[in-house]
*Asks:* 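Please find one structure pasted underneath; my questions will follow.
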Amino acid sequence: MSDGRPPDTSPDLRPPEGVDRGDAATTGFPPVNPASAVLDDFLNHDHGARIALGDLVGILGDRAFGALLLILSIPNILPVPGLSTATGLPMLLIGAQIAAGRDRPWLPRRLAALTLDRDAFLRVIAKAKPHVDRLERHLRPRLPAMTAPTAERLLGVAVMILAGILALPIVFGNQPPAFAIALIALGLIEKDGAFVVAGLIAGLIAIVIVAAVLFGFGQAGMLIFDKLFS
């Protein structure tokens, strides 16, 4: 029986069914553009025969830095041979710009002119998409202090360190820092401080792994030198 009140026509700000994005009343749904949508839009974009890094910034520039970091880190996680330096250097520069508090990413002309093979790049992004979809089920706005402006500047420094390691020609040295950057990027895209923390922990582990690899190579080199010249 009607109580005489008009029907409720206010928009439903609840998150989609089955997706845990936190409390709608406190997070202000609809949420930020999710990572899966970023990848979908990039895959569906009308790319040329080769994808210039400058074009990549143009396509994703309005999605802020997290989207660029995610797209550039994926080829190093799966991985794709030869892309570590081509993607590591832009990520290092992007990290520096986050640390400097810039609003939008920028690449110098020479770096922006570098191109990536379209088919290979899109293939690896498409291969990573289901994994991002699964991770996204656990993403939701939380630990806001870890994605606040001051924290983002410190994260920029962390990204610089990890991207610098990623850009080095170290066998098996690309995947750990790239995975850490991807976790940080997901946290930035969807304001999930827990993923940011996970990315920082993964980054520390990556540094330890790469240091161990370098130490092993150094020890092996010394042994070979001693055998050859002793």
*Asks:* Which pair of non-hydrogen atoms, one from Gly199 and one from Ile184, has the smallest distance, and what is that distance?
*Replies:* CA-CG1, 3.8 Å
*Asks:* Which residue pairs pass the salt bridge (charged side-chain N to carboxylate O under 4.0 Å, His left out) test with at least one member in residues 177-188, sequence neighbours excluded?
*Replies:* none
*Asks:* Is there a side-chain contact between Leu162 and Leu166, using heavy atoms and a 4.5 Å cut-off?
*Replies:* no
*Asks:* Distance check, rounded to the nearest 0.5 Å: Glu136 atom CD versus His131 atom NE2?
*Replies:* 14.5 Å
*Asks:* Out of curiosity, Ile94 CD1 to Met160 CE, how far, rounded to the nearest 0.5 Å?
*Replies:* 12.0 Å
*Asks:* Between Ser36 and Val132, what is the shortest heavy-atom contact and its length?
*Replies:* N-CG1, 4.4 Å
*Asks:* Restricting to non-hydrogen atoms, name the atom on Ile77 and the atom on Ala182 that form the minimum distance, rounded to 0.1 Å.
*Replies:* CD1-CB, 3.7 Å
*Asks:* Are Leu43 and Leu186 connected in the hydrophobic side-chain network, where two residues link if heavy atoms are under 4.5 Å apart?
*Replies:* yes
*Asks:* Ignoring hydrogens and geometry, is there a side-chain-to-backbone donor-acceptor pair from Asp192 to Arg140 under 3.5 Å?
*Replies:* yes
*Asks:* Any heavy-atom pair between the side chains of Val159 and Leu69 that's under 4.5 Å?
*Replies:* yes
*Asks:* Test: salt bridge (charged side-chain N to carboxylate O under 4.0 Å, His left out). Region: residues 150-160. Which pairs qualify, not counting sequence neighbours?
*Replies:* Glu152-Lys191
*Asks:* Measuring from atom CD1 of Ile98 to atom CG of Asp103, what distance do you get when rounded to the nearest 0.5 angstrom?
*Replies:* 12.0 Å
*Asks:* Should Asp133 and Lys129 count as an ion pair when the cut-off is N to O under 4.0 Å?
*Replies:* yes
*Asks:* Does His47 reach the main-chain N or O of Asp119 with its side chain, forming a donor-acceptor pair under 3.5 Å?
*Replies:* no
*Asks:* So, taking the atom named CD1 in Ile74 and the one named CZ in Phe121, what distance separates them when rounded to the nearest 0.5 Å?
*Replies:* 8.0 Å
*Asks:* So does Asp40 get a backbone contact from the side chain of Asn44, meaning a donor-acceptor N/O pair under 3.5 Å?
*Replies:* yes
*Asks:* Of all the heavy-atom pairs spanning Ile189 and Pro34, show the shortest one and how long it is.
*Replies:* CG2-C, 4.3 Å
*Asks:* Check Ala163 against Ile181 and note the closest heavy-atom contact, atom names and distance.
*Replies:* N-CD1, 3.9 Å
*Asks:* Is Ile161 linked to Leu214 within one hydrophobic cluster, defined over Ile, Leu, Val, Met, Phe, Trp and Tyr using a side-chain heavy-atom separation of less than 4.5 Å?
*Replies:* yes
*Asks:* Do Gln97 and Leu93 touch side chain to side chain, with heavy atoms closer than 4.5 Å?
*Replies:* yes
*Asks:* Do Ile51 and Phe42 pass the side chain to side chain contact (heavy atoms under 4.5 Å, CB included) test, and can you show the C-alpha distance, the side-chain angles, and the key distance before you say yes or no?
*Replies:* CA-CA 11 Å; Ile51 300 175; Phe42 180 74; 4.2 Å; yes
*Asks:* As a test of understanding, state which of Thr87, Leu72, Leu68 forms a side-chain contact (heavy atoms from CB on, under 4.5 Å) with Leu53.
*Replies:* Leu72
*Asks:* Decide whether Val157 and Leu92 are clustered together by the hydrophobic rule: side chain heavy atoms of Ile, Leu, Val, Met, Phe, Trp, Tyr closer than 4.5 Å, transitively.
*Replies:* no
*Asks:* Supply the atom-to-atom distance Thr147 OG1 to Arg142 CZ, rounded to the nearest 0.5 angstrom.
*Replies:* 11.5 Å
*Asks:* Examine Leu154 and Phe65 and state if one hydrophobic cluster contains both, with Ile, Leu, Val, Met, Phe, Trp and Tyr joined whenever side-chain heavy atoms are less than 4.5 Å apart.
*Replies:* no
*Asks:* How far apart are the closest heavy atoms of Leu183 and Ala202, and which atoms are they?
*Replies:* CD1-CB, 4.1 Å
*Asks:* Any non-hydrogen side-chain atom of Asn76 less than 4.5 Å from a side-chain atom of Met91?
*Replies:* yes
*Asks:* Which distance, rounded to the nearest 0.5 Å, do you find between the CD1 of Ile205 and the CG of Leu200?
*Replies:* 11.5 Å
*Asks:* For the hydrophobic clusters of this structure (ILVMFWY residues joined by side-chain heavy atoms under 4.5 Å, transitively), does one cluster hold both Leu114 and Leu116?
*Replies:* yes
